[in-house]
Peer 1: 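Structure below; questions to follow.
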Amino acid sequence: MARYREALAQSPEREGLFTTLSGLPVEPVYTPSQPDPDYLAKLGFPGEYPFTRGIHATMYRGRLWTIRQFAGFGTASETNARFKYLLEQGQTGLSVAFDMPTLLGYDSDHPRSLGEVGREGVAIDSLEDMETLFEGIPLDQVSTSMTINGPAAILWAMYLVTAEKQGVSLARLRGTIQNDILKEYMAQKEWIFPPEPSVKLVVDTIEFGSQHVPQWNPISISGYHIREAGSTAVQELAFTLANGFHYVEACLQRGLAIDQFAPRLSFFFNSHLDFFEEIAKFRAARRIWARAMRERYGAQDPRSWRLRFHTQTAGCSLTAQQPEVNLIRTAYQALAAVLGGTQSLHTNALDEVYCLPTEHAATLAVRTQQVLAYEIGVVNSADPLGGSYLVEALTDQLEAEAEKYFRQIEALGGVIAGIESGFFQKEIAEAAYRYQREVEAGRRIVVGVNAFRQEEDRPPEIFRIRPEVEADQIARLRRLRARRDQGAVTGALAQLRQAARGGANLMPYLMEAARCYATVGEIADTLREVYGEYQERAVI
């Protein structure tokens with residue numbers, strides 16, 4: 001306890017009233033009156049190994065989580081306006097949603113892009129679009145997250161060059177690219193290249209980031225989409241961390257020192273409906289990661305042991321029936337994320353079953369987080385449910401079940417072997433099927449769906465994408481192609497092709513292609529020539 005008090009003294013707290021509404025003081029952390037050795041080994045104190053109780057000594061007494069709402073639609077200029085609106089409402093970090101063509105590495109005028117341009121996110125075809133997306137937003141003053149995977153290195157290169165054009169040093173940039181390609185093969189299915197070259201690109205970004213963009217998280221290892229595909233909390237925990245271990249081992253094979261890159265690895269989890277299980281999942285994830293990094297991989301820097309994560313409330317739990325109830329679901333899920341110690345949080349909007357969020361719905365989602373942060377007192381003490389018999393037992397159970405999965409994955413030959421054999425896909429599909437059967441049989445109640453129904457559900461106001469978006473974006477892209485230096489583009493793509501064949505780190509070549517205004521599709525097609533495209537095997 002004396003060591004923890006010393007850590008608290010070195011960790012300044014933000015200004016705030018750390019008392020109950022009755023005026024009773026709230027301590028930074030609560031423990032048994034006489035902590036036993038087992039308690040110290042399994043739980044310890046916040047900010048100390050194995051970080052079960054949180055990665056910082058003061059947690060939210062020192063700094064609140066980042067309010068990072070996912071946003072993007074239409075053209076770059078339209079999304080830029082939404083970003084500025086959300087920042088005015090109190091959002092503290094940006095999070096970019098890209099449209100389907102961008103996610104799959106196609107330009108807006110590609111035949112496969114027809115009908116999808118700007119629909120599920122913002123259309124980004126080139127550096128010009130990236131510059132417009134962040135026009136008037138100083139990139140050294142905001143943290144940016146980008147949910148992009150297959151072409152993550154390409155979009156990150158464009159972001160880095162945008163920062164250069166703003167006069168911002170790469171060393172000052174803060175943010176995250178998702179860049180977790182392994183979970184795409186397991187769950188989300190938005191890939192371009194086969195697994196091995198895709199992981200190679202991930203390692204390129206991690207290596208480049210550790211050398212040139214030291215405050216950036218070059219990967220957000222994502223359980224969110226595994227859970228959205230129907231997995232259990234145990235599967236989300238186990239498969240996500242197994243992917244994390246695979247990336248660590250790929251970086252070590254590259255020759256990177258563990259403490260050179262591990263401090264900037266980050267994670268992304270789902271906060272689902274089972275309140276206590278979700279809290280326990282976050283705590284178990286920190287403990288498993290800390291032990292693996294220190295004991296298996298030999299990391300010496302305590303920052304390498306800390307599992308830092310973003311959380312999003314469960315999109316798959318939202319219902320079209322009685323959509324206002326989604327506000328309530330989201331609030332409880334956000335509370336679980338905060339009690340579990342998240343570093344940043346996205347709260348889903350009530351209308352997302354119908355459409356991209358309206359400004360009103362997005363504002364209510366931000367307000368949900370602000371009420372959590374400033375009104376209900378859960379931020380006054382670290383890990384306030386630590387010591388709960390239920391939460392501690394669930395934390396232990398989730399850890400034990402995850403370890404069973406790790407042994408199964410190892411026996412299969414590792415993560416990529418498991419993907420190729422369909423192991424992960426089958427496990428997730430079976431879990432989703434079991435859950436749906438339980439709902440349909442009425443054994444699991446979903447308010448408004450299989451119980452407490454209303455005869456008439458009034459849909460909320462619908463946010464509609466302008467029908468002209470696709471034509472506008474294609475026209476913008478064609479104007480760019482007509483005025484850029486085509487010789488410079490051809491040369492940059494030729495150098496990229498040669499570097500890819502030679503196995504070099506591709507980030508400098510991607511940045512040079514971006515500077516010449518080569519498009520996302522042109523760059524991706526150049527890499528398709530070298531790496532090929534992934535075709536999933538049918539799994540029976």
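If you read the sequence from its start, that first residue is 1, and numbering goes on from there. Only a predicted model underlies this, so the values are computations on that prediction, with no experimental measurement involved.
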Peer 1: Mark yes or no for whether N179, through its side chain, and I219, through its backbone, hold a donor-acceptor pair below 3.5 Å.
Peer 2: no
Peer 1: Taking NZ, NE, NH1 and NH2 as the nitrogens, is one of them in R481 or E522 under 4.0 Å from a carboxylate oxygen of the other?
Peer 2: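 Yes, charged N to carboxylate O under 4.0 Å.
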Peer 1: Under the 3.5 angstrom rule, does the side chain of S198 hit a backbone N or O of F193 as a donor-acceptor pair?
Peer 2: yes
Peer 1: Say you draw a straight line from CD1 of I67 to CH2 of W65; how long is it, rounded to the nearest 0.5 Å?
Peer 2: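 CH2 of W65 is found 7.0 Å from CD1 of I67.
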Peer 1: Any sub-3.5 Å donor-acceptor pair from D259's side-chain atoms to D301's backbone N or O?
Peer 2: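 Judged by distance alone, yes, a pair lies under 3.5 Å.
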Peer 1: Run the ring-centre check on F463 versus F73 and record whether the distance is less than 6.0 Å.
Peer 2: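 Yes, they do, as the ring centres are separated by less than 6.0 Å.
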Peer 1: Hydrogens and angles aside, do R367 and Q89 bring a side-chain donor and acceptor to less than 3.5 Å of each other?
Peer 2: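 Result is yes, a qualifying pair exists.
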Peer 1: Mind telling me whether W216 and Y159 have parallel, tilted or perpendicular rings, with 30° and 60° as the class edges?
Peer 2: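 Ring orientation of Y159 relative to W216: tilted.
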Peer 1: Examine distances only and state if a side-chain atom of Y354 and a backbone atom of P323 form a donor-acceptor pair shorter than 3.5 Å.
Peer 2: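 No; zero donor-acceptor contacts below 3.5 Å.
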Peer 1: Taking I124's backbone N and O only, do any of them form a donor-acceptor pair with T102's side chain (distance below 3.5 Å, no angle check)?
Peer 2: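 Between the backbone of I124 and the side chain of T102 there is a qualifying donor-acceptor contact (under 3.5 Å).
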Peer 1: Report the residue from T92, T330, T347 that forms a side chain to side chain donor-acceptor pair (under 3.5 Å) with Q369.
Peer 2: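 It is T347, the one option of T92, T330, T347 that forms the side chain to side chain donor-acceptor pair (under 3.5 Å) with Q369.
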Peer 1: Just how far is it from atom CZ of R68 to atom CG of L94, taken to the nearest 0.5 Å?
Peer 2: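 Here the interatomic distance stands at 7.5 Å.
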Peer 1: Surrounding CZ of R172 (heavy atoms of other residues, nucleotides or ligands, distance under 6.0 Å), is the total greater than 12?
Peer 2: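 No, because the 6.0 Å sphere around CZ of R172 holds 12 heavy atoms or fewer from other groups.
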Peer 1: Among Y297, W305, F282, F267, which one satisfies ring pair (Phe, Tyr, Trp, His ring centres under 6.0 Å) with W289?
Peer 2: F267
Peer 1: Here's a test for you: under side chain to side chain donor-acceptor pair (under 3.5 Å), which of H272, E228, Q333 qualifies with S317?
Peer 2: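 For S317, the side chain to side chain donor-acceptor pair (under 3.5 Å) check succeeds only for Q333.
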Peer 1: Is Q343 reaching over with its side chain to a backbone N or O of H310, donor-acceptor style, under 3.5 angstrom?
Peer 2: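 Looks like no, no N/O pair under 3.5 Å.
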Peer 1: Is the side chain of S421 donor-acceptor paired with the backbone N or O of G418 at a distance under 3.5 Å, no angle test?
Peer 2: yes
Peer 1: Does S145 offer a backbone N or O that forms a donor-acceptor pair with the side chain of T176 under 3.5 Å?
Peer 2: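 Checked: no pair found.
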Peer 1: Spell out, as yes or no, whether a donor-acceptor pair under 3.5 Å connects the side chain of R484 to the backbone of Y517.
Peer 2: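 Checked: pair present.
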Peer 1: Taking D180 for the side chain and I221 for the main chain, is one N or O donor matched with an acceptor at less than 3.5 Å?
Peer 2: no
Peer 1: Indicate, with yes or no, if the rings of H225 and F268 have centres closer together than 6.0 Å.
Peer 2: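 Yes: the rings meet the under 6.0 Å criterion.
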Peer 1: Which heavy atom in M186 sits nearest to a heavy atom in I428, and how many Å separate them?
Peer 2: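 Nearest heavy atoms, M186 then I428: O-CD1, 3.9 Å.
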